Amino acid sequence: MGHSLDMAGEKRFTAAFEAHKHDVYDFALRMLGDTDSAGDVTQEVFIRLYRSLTDHSAILDLKSWLFICTRNLCLNYRRDRGREISLEDAPASRQPTVDQPDRSIDAVRKALAALDTKFREAIILREMEGFSYREIAHILQITVPAVRMLLYKARLALREKLKSTYPMR
Amino acid sequence: MDCSYYEELLSARRDGELTPDEAMTLEKHLRECPVCRKTAQIIDAVGGVVASLEKMPLPGKIEEAIVSGVRRERAASIENGRQPRYYRIPRPVAWAAVVLMLILGIGTLSGPVGDMFFRGGRNRQPSAPEVQKIILTENDVISVNGRPVQKITLSETDVIMTRTVSGQSGKS
């Protein structure tokens, strides 16, 4: 690193951290399944962001950049540790509401955690983070039609795991 | 009926990514297929629950660790590289200061700006030597270092000579 961050860069970093710290941690937690690993990854993501801003690396879409970085670090983390997510480690859901009883929320949370990684990350990026197909394609390094097909298959797999909670008849 | 194609369209509809033609095709199929209508309800219901899952907040101890890590990163970058820009005077201000100092500095030595501040002051620098024209008339004496060297005679009247003086000038 040749130099340190200027005032505008410091402000940009602080704004990015405050806006996305929970998104990054939650995504890492859903990808890895335990708080310590998710914390490590989150810390590394924001250190890398700080370095990238310091080096004036081009970051056109900050949120996409953060998720690409988080995803890559999570994949590396899992490859190095050889560890799979367990249902018990899945993040807890919010408090039940009248419209969404605790039973269905808990069932969906567990089903999501039990999905294959590629399906789970696609569902999270689309349903929880609201990324467009184009953004998901950029994050996952696949084509837009592949994203569409991936989400279709991911929803099929999720429905299969939720057959008892959401019966067809 | 194999509805897998329509299920794919239902997934894309959930995401708002259908083309107009696909949307028309799907709507027509849904009017005829109760199974796909039910599938559409489930896709929307499950998607709604996933979207409403509360995100896990970043624990305070991890946030503190990140802040400390960034602080170390900042310190290391300052140590290895140049000072952060915000600790330095902005370049335009620095240049303006240099120009102002040059103007004031030169002004104290000579010129109109210097005269404005130091006119008649004891530190005023002597002005440049002046060239004077002296008209010599009869009986004027030219002397060097107070010793007469030549007396002007009538025939030499109106001789014009120049000399360089640095103080009071005149003729004797």
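Just so it is clear, the values below take in all heavy atoms, side chains as well, and ignore hydrogens, waters and symmetry mates. Since we're looking at a predicted model, the values are computed, not measured. Protein chains get the first letters and strands the later ones, always in sequence-line order, with residue 1 at the start of each.
Ranked by heavy-atom pairs under 4.5 Å with chain A, the list B:P59, B:S11, B:A51 is led by B:S11. No other option in B:G16, B:G69, B:G47 has as many heavy-atom pairs under 4.5 Å with chain A as B:G47. If you tally non-hydrogen atom pairs under 4.5 Å between each of A:L112, A:I123, A:T35, A:D23 and chain B, the highest count goes to A:D23. Annotation: maximal heavy-atom pairing with chain A below 4.5 Å, among B:V70, B:I43, B:I66, B:I62, occurs at B:I66.
Among residues 147-162 of chain A, the residues having any heavy atom closer than 4.5 Å to a heavy atom of chain B are, in sequence order, A:R148, A:M149, A:L151, A:Y152, A:R155, A:L156, A:L158, A:R159, A:L162.
Contacts of A:F17 with chain B are made by side-chain atoms alone, with heavy-atom separations under 4.5 Å and no backbone atom involved. Using a 4.5 Å cut-off between heavy atoms, B:L58 contacts chain A through both its backbone and its side chain. Looking at A:T165, there are no atoms closer than 4.5 Å to chain B (heavy atoms on both sides), in backbone or side chain.
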Candidate pair A:D40 and A:S37, rule side-chain hydrogen bond (donor to acceptor under 3.5 Å, both in side chains), full reasoning: CA-CA 5 Å; A:D40 290 346; A:S37 305; 5.6 Å; no
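B:R13 has no carboxylate O lying under 4.0 Å from a charged side-chain N of B:E22, or vice versa, which leaves the two without a salt bridge. A:D26 has a carboxylate O that lies under 4.0 Å from a charged side-chain N of A:R30, or vice versa, which qualifies the two as a salt bridge. Here A:R48 pairs with A:E44 in a salt bridge; the nearest charged N to carboxylate O distance falls below 4.0 Å. Taking 4.0 Å as the cut-off between side-chain N and carboxylate O, A:K21 and A:E18 count as a salt-bridged pair.
A:E129 is listed as a side-chain neighbour of B:K55, based on a closest heavy-atom distance under 4.5 Å. With a 4.5 Å cut-off on side-chain heavy atoms, A:I59 and A:R12 count as touching.
Just one residue in the list A:T42, A:L49, A:V45, A:L66 forms a side-chain contact (heavy atoms from CB on, under 4.5 Å) with A:H20, and that residue is A:L66.
Of the possible donor and acceptor atoms, none in the side chain of B:E8 sits under 3.5 Å from a partner among the backbone N and O of B:Y5.
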